[in-house]
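The next block holds one structure in the form of structure tokens; read it before the comments.
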Amino acid sequence: MIQSSELILNPDGSVYHLNLRPEHIAHDIIFVGDQNRVEKITQFFDSIEYSTQKREFKTQTGIYKGKRISVLSTGIGPDNIDIVLNELDALVNIDLETRKPKEKLTSLNIIRIGTSGSLQEDIPVDSFVMSKFGLGLDNMLRSYLIDDVSITEIEDAFVNHTNWDARKGKPYVTKCSEELEKLIESDKISKGITATAGGFYGPQGRVLRLNIQDEELNNKMDNFSFEGTKITNLEMETAAIYGLSALLGHNALSLNAIIANRASGTFSEDPYKAVDELIAYTLNKLAEK
């Protein structure tokens with residue numbers, strides 16, 4: 001039995017951070033970072049059956065073209081992903097009354113929709129990027145036993161290419177769900193490696209008043225390639241989503257609308273349009289599944 005100090009429930013039986021009970025979520029779930037983006041997606045729904053929010057974690061579940069879908073805001077960073085994935089898994093794979101894992105496990109389908117800047121000049125603003133791999137620079141996932149889901153060949157190549165400082169912990173690489181990749185892919189969507197940082201400033205090479213450990217890291221990342229696959233973008237969630245989903249037996253895919261291109265110095269003239277187009281495209285693909 002899982003002790004109450006390990007799996008914390010609210011007085012109404014919902015999981016502690018998300019404020020959700022098992023009946024509140026669909027098996028197809030869209031992640032967004034910003035709580036205000038939840039309704040940018042659910043505005044397209046035919047109906048909404050449930051809505052709740054605690055802190056930055058906002059969830060709405062409803063129907064889109066006959067498909068039951070949940071939309072959940074995760075907030076920022078790998079630490080929040082650790083909370084969200086473990087609590088979602090508990091909702092479907094742990095009996096919350098007996099506090100024991102279920103014999104028959106359920107796989108959720110999780111798609112992250114976000115915005116990002118491209119690191120490569122040939123990925124223009126207003127285009128879409130699918131994360132074939134997540135490259136974790138954050139170290140969170142290494143609290144778990146990840147050997148069965150991490151891709152050491154890419155990890156080692158990246159460490160060698162960047163002369164990575166071992167004191168920061170070894171980067172990890174995990175991959176997207178092949179099932180969701182096939183469902184969502186199209187000729188208009190670029191694929192690559194998405195790097196996941198544990199912070200916004202120093203961890204992503206931004207310098208304000210503090211010097212950073214490796215001033216050339218961003219340039220090294222721009223030039224990294226593994227068997228022709230490059231790092232397309234840098235954000236704060238994807239690798240953690242992929243790693244925990246793989247460990248727990250869920251399908252995960254991360255999509256980004258590219259609103260800036262660092263290589264060319266360009267920014268989208270209408271970033272909201274790009275995001276709305278990615279949302280509509282993803283919802284329609286999920287409704288077909």
Side-chain angles (χ1 to χ4, degrees), residues 2 4 6-10 12-35 37-38 41-42 45 48-62 64 67-114 131 134 136 138 140-141 143-144 146 149 174 176-177 179-180 196 236-255 282-283 286 289:
I2 301 170
S4 58
E6 310 307 293
L7 175 57
I8 303 170
L9 301 179
N10 296 309
D12 65 355
S14 62
V15 289
Y16 182 66
H17 295 92
L18 301 186
N19 257 20
L20 296 169
R21 295 196 301 269
E23 65 269 22
H24 295 153
I25 63 166
H27 287 180
D28 294 287
I29 302 175
I30 294 175
F31 282 1
V32 294
D34 184 356
Q35 58 195 356
R37 193 170 287 166
V38 171
I41 296 178
T42 60
F45 282 16
I48 296 174
E49 66 182 61
Y50 185 77
S51 181
T52 190
Q53 181 170 2
K54 184 177 182 180
R55 302 182 186 179
E56 63 266 52
F57 306 113
K58 181 174 182 175
T59 304
Q60 290 191 334
T61 296
Y64 177 80
K67 170 72 73 169
R68 189 169 185 253
I69 300 172
S70 295
V71 184
L72 190 158
S73 61
T74 65
I76 299 174
D79 51 342
N80 275 13
I81 297 302
D82 183 59
I83 291 171
V84 171
L85 257 298
N86 276 290
E87 292 195 3
L88 284 177
D89 181 75
L91 289 172
V92 294
N93 288 323
I94 296 174
D95 186 317
L96 299 185
E97 293 188 4
T98 65
R99 294 181 168 274
K100 294 181 180 180
K102 297 178 180 179
E103 291 186 6
K104 184 178 180 180
L105 300 179
T106 296
S107 292
L108 299 171
N109 297 311
I110 297 165
I111 297 180
R112 178 182 184 272
I113 295 179
S131 306
D138 57 279
M140 183 278 290
L141 198 69
S143 295
Y144 300 93
I146 67 171
V149 302
T174 50
C176 72
S177 159
E179 177 183 332
L180 291 180
T196 296
M236 295 179 63
E237 289 84 27
T238 293
I241 293 171
Y242 282 8
L244 285 172
S245 294
L247 289 170
L248 292 166
H250 304 298
N251 299 308
L253 187 70
S254 181
L255 303 170
T282 304
L283 285 174
L286 277 175
K289 187 170 73 69

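Fair warning: this is a prediction, and the values are worked out from it, not measured in the lab.
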Nearest non-hydrogen partners of Glu237 and Thr74, listed with the distance: CG-OG1, 4.5 Å
For His250, is there any backbone N or O sitting under 3.5 Å from a side-chain donor or acceptor partner on Ser245? no
Non-hydrogen side-chain atoms of Leu247 and Leu141 separated by less than 4.5 Å: yes
If I take atom OG from residue Ser51 and atom CD from residue Gln60, how far apart are they, to the nearest 0.5 angstrom? 4.0 Å
Crowding at OH, Tyr144 (>12 non-hydrogen neighbours, <6.0 Å): yes
Rounded to the nearest 0.5 angstrom, the CD-CG distance for Glu103 and Asp95 is 11.0 Å
So, does Gln53 use its side chain to make a donor-acceptor pair with the main chain of Arg55 at under 3.5 Å? yes
Would you compute the distance between atom CG of Leu286 and atom NZ of Lys67 and round it to the nearest 0.5 angstrom? 7.0 Å
Do Ile30 and Leu283 make a side-chain contact, defined as non-hydrogen atoms from C-beta onward lying under 4.5 Å apart? yes
Gap separating the OG atom of Ser143 from the CG atom of Leu244, nearest 0.5 angstrom: 9.5 Å
If you compare all heavy atoms of Pro101 against all heavy atoms of Ile2, which two are closest, and at what distance to 0.1 Å? CD-CD1, 4.4 Å
Please name the residue in the list Ile25, Val38, Leu20 that meets the side-chain contact (heavy atoms from CB on, under 4.5 Å) test with Ser70. Ile25
Might you confirm whether atom NZ of Lys100 has over 12 heavy atoms from other residues, nucleotides or ligands at distances under 6.0 Å? no
Among Leu253, Leu85, Leu180, Asp28, exactly one meets side-chain contact (heavy atoms from CB on, under 4.5 Å) together with Ile110. Which residue is that? Leu85
Backbone N or O of Glu23 within a donor-acceptor pair of the Tyr50 side chain at under 3.5 Å? no
Do the side chain of Thr196 and the main chain of Thr238 share a donor and acceptor less than 3.5 angstrom apart? yes
Residues Ala239 and Thr174: closest non-hydrogen pair is O-OG1, 3.4 Å
Ignoring hydrogens and geometry, is there a side-chain-to-backbone donor-acceptor pair from Asn10 to Asp12 under 3.5 Å? no
More than 12 heavy atoms of other residues, nucleotides or ligands under 6.0 Å from CG of Leu96: is that the case? yes
dist Leu248:CG -> Leu88:CG (nearest 0.5 Å) comes out at 10.0 Å
Does any part of the side chain of Met140, heavy atoms only, come nearer than 4.5 Å to the side chain of Asp79, both counted from C-beta? no
Taking every heavy atom of Ile241 against every heavy atom of Arg112, the minimum-distance pair comes out as CD1-CD, 3.7 Å
Gap between atom SG of Cys176 and atom CD1 of Ile111 - 0.5 Å precision: 10.5 Å
If you define the side chain from C-beta out and look only at heavy atoms, does anything of Glu56 sit under 4.5 Å from Asn80? yes
Short side-chain to backbone donor-acceptor contact, Arg99 and Leu7, under 3.5 Å: yes
Which pair of non-hydrogen atoms, one from Arg68 and one from Ala26, has the smallest distance, and what is that distance? O-CB, 3.3 Å
Of the non-hydrogen atoms in Val15 and Glu87, which two are nearest, and what is the gap between them? CG2-OE1, 3.5 Å
Please verify the inter-ring angle class for Phe45 with Tyr64; under 30° counts as parallel, over 60° as perpendicular, anything in between as tilted. tilted
Could you check whether any side-chain heavy atom of Ser4 comes within less than 4.5 Å of a side-chain heavy atom of Leu9, counting everything from C-beta outward? no
